[in-house]
A.B. asks: 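Structure incoming, see below.
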There are 2 protein chains.
Amino acid sequence: MNTPDPRSPRRTDALSRERIVEATIEILDTAGENGLTLRAVTAHLSTGRGAIYHHVINKDELLAAAAEGVIGPVLARTAGDTEPRAAIRTLALGIFDAIDRHPWVGTQLSREPLQPAVRQIWTAVGAQLHRLGISGTALSDAGSALVSYVLGAAAQYAAGARRSPDAATRQRYLEHLAEQWARLDPDPLVQTSAAALAEHDDREQFLAGVDIFIAGVTSGDSGGD
Amino acid sequence: MNTPDPRSPRRTDALSRERIVEATIEILDTAGENGLTLRAVTAHLSTGRGAIYHHVINKDELLAAAAEGVIGPVLARTAGDTEPRAAIRTLALGIFDAIDRHPWVGTQLSREPLQPAVRQIWTAVGAQLHRLGISGTALSDAGSALVSYVLGAAAQYAAGARRSPDAATRQRYLEHLAEQWARLDPDPLVQTSAAALAEHDDREQFLAGVDIFIAGVTSGDSGGD
DNA sequence: CCAGTCTTGGACCGGCGGTCCAACTCTGTC
DNA sequence: GACAGAGTTGGACCGCCGGTCCAAGACTGG
């Protein structure tokens, strides 16, 4: 019931969906997923809420658009005509590196399977698998497996980056895990395996997983149905 | 600054962490992840908020405890001494079926890598992979890949169940995806592959992914490092 | 120059997670 | 059996969130 404050001077540069998404990505990068509030977006753009809702449906759509803004260019850049196995590796690494730079994308991709970014990943993966000679049910199974792995690893990595920004917490977790493994079996092999767990490099491990799936997909038969 | 209402009669049955977690699972199952509010939990237990915070740190811990309450028994039930490959399949299917019954678990597992439920999955997976003769770096790579795949597929499936409870929306999405694939290549093989995508069974596809992983892990060499 | 349309910004709403503390109950002690 | 201290309980309260609404202002075609 207050009488509104006198109007502040109006912005000179026009608001647009692109500018809003841009600001969203910037906020997510600097303040993290929890730092993204529509209030932060309006503040960043020096505007009010109504203006934003005029260009964007809601926060979910904003997140999906931001993820697409990050993933889209990565996929486009990776569309080369190299050997399919290498192309899949490049594709996966591109996604991994994008998430390394923007951890919130890892969370977002797992949240909503119908969003454009995920659809683009599916399409890209499917195309490469097909070039490997896989088709029919085998293609949809292999695509599903690879996409699930990539998104799962992305979410894990992103959550790790979010929750333990300090290496110490992370190290303690890995050591706890290694200890539990080691306790399961006195075999010295297990002991060294457990030690390996605590010393791995995330990016290499991610790529090793991609290789496992590629090997699994190409080992048994030639696909087909 | 109101004077408080006269006290309602005090509860007779004692409040406990178990009862709170139980109520949380019940609410998550019936009302979904968005339906879980601490207010709903207090209402369900006919109590106030302070009482709950006396037994539980915060909502995140409550979610983690609920997930452990679902996943723990599944893993325990699957600890048999069968052949490792079969054990991995059983393990994975157990998790899948649990998430089919409690979709919110799929989301929760991806949210927080340090939570007990995830640690338990890691340990179980590691044990079976070791029985397959894998060790050293290969073990930690394979374990990471399998856990990422299972959690990734779980999150995808859970998100799908949450977002398109009606089969129609889901079908439209799959058809759109299939159409995009089909457009990439006039090859009739692609056409049939795309068709396969729209007709798959989630559970079978999930298991197919596990098999691809197992094939990949056991194909190259015997592990070790 | 003016009338009609579209954009803008901020007040407002219901509801959330979390804190705090007075009232109450329970338990051990004499 | 009475009582005092410790521990539990419930609800008022706080700051903040996403989303709605609409009057004030800016822009555009005639």
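Order of the sequence lines fixes the chain letters, A, B, ..., with proteins taken first and strands second; residue numbering starts at 1 for each chain.
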A.B. asks: Reckon B/I57 touches a base, only the sugar-phosphate, or nothing at all at heavy-atom distances under 4.0 Å?
C.D. replies: nothing
A.B. asks: OP1 or OP2 of D/dT9 sitting under 4.0 Å from any side-chain N/O of B/H55?
C.D. replies: yes
A.B. asks: In whole angstroms, how far is the P atom of C/dG17 from the CD atom of B/E61?
C.D. replies: 15 Å
A.B. asks: Roughly how many Å is it from CG in A/N34 to P in C/dG18, rounded to a whole number?
C.D. replies: 11 Å
A.B. asks: C/dG10 P sits how many Å from A/L45 CG, rounded?
C.D. replies: 13 Å
A.B. asks: Given atom CZ of B/R49 and atom P of C/dC16, what is their separation to the nearest angstrom?
C.D. replies: 9 Å
A.B. asks: On the side chain of A/R39, is there an atom forming a donor-acceptor pair with the base of D/dG18 - under 3.5 Å, no angle test?
C.D. replies: yes
A.B. asks: In this structure, how many angstroms lie between the P atom of C/dT19 and the CG atom of B/N58, rounded?
C.D. replies: 8 Å
A.B. asks: Establish, yes or no, whether a centroid distance under 6.0 Å links the rings of B/Y157 and B/F206.
C.D. replies: no
A.B. asks: Stepwise, does the side-chain hydrogen bond (donor to acceptor under 3.5 Å, both in side chains) test hold for B/E33 with B/Q108?
C.D. replies: CA-CA 9 Å; B/E33 327 177 32; B/Q108 171 58 21; over 6 Å; no
A.B. asks: Determine the contact category for A/L36: base if any of its heavy atoms lies under 4.0 Å from a base atom, sugar-phosphate if only primed atoms, P, OP1 or OP2 are that close, otherwise nothing.
C.D. replies: sugar-phosphate
A.B. asks: Measure CG/B/L62 against C1'/C/dG18 and give the value in whole Å, please.
C.D. replies: 13 Å
A.B. asks: Identify, between A/A51 and B/Y53, the residue whose nearest nucleotide on DNA chain C lies closer to the 5' end.
C.D. replies: A/A51
A.B. asks: When you measure from the side chain of B/K59, which nucleotide among D/dT9, C/dG18, D/dG18 comes out closest?
C.D. replies: C/dG18
A.B. asks: Just the rounded figure in Å: distance from P of C/dC24 to NE2 of B/H54.
C.D. replies: 18 Å
A.B. asks: Could you give the CZ-to-P distance, from A/R17 to C/dC6, as a whole number of Å?
C.D. replies: 20 Å
A.B. asks: Indicate yes or no for a side-chain donor-acceptor contact from B/S110 to the backbone of B/T107 under 3.5 Å, with no hydrogens or angles considered.
C.D. replies: no
A.B. asks: Between CD of A/E68 and CZ of A/R119, what distance do you get to the nearest 0.5 Å?
C.D. replies: 9.0 Å
A.B. asks: C/dC16, C/dT8, D/dG11: which one has an atom nearest the side-chain heavy atoms of B/T37?
C.D. replies: C/dC16
A.B. asks: With heavy-atom distances below 4.5 Å as the criterion, would you say the side chains of A/E112 and B/Q156 are in contact?
C.D. replies: no
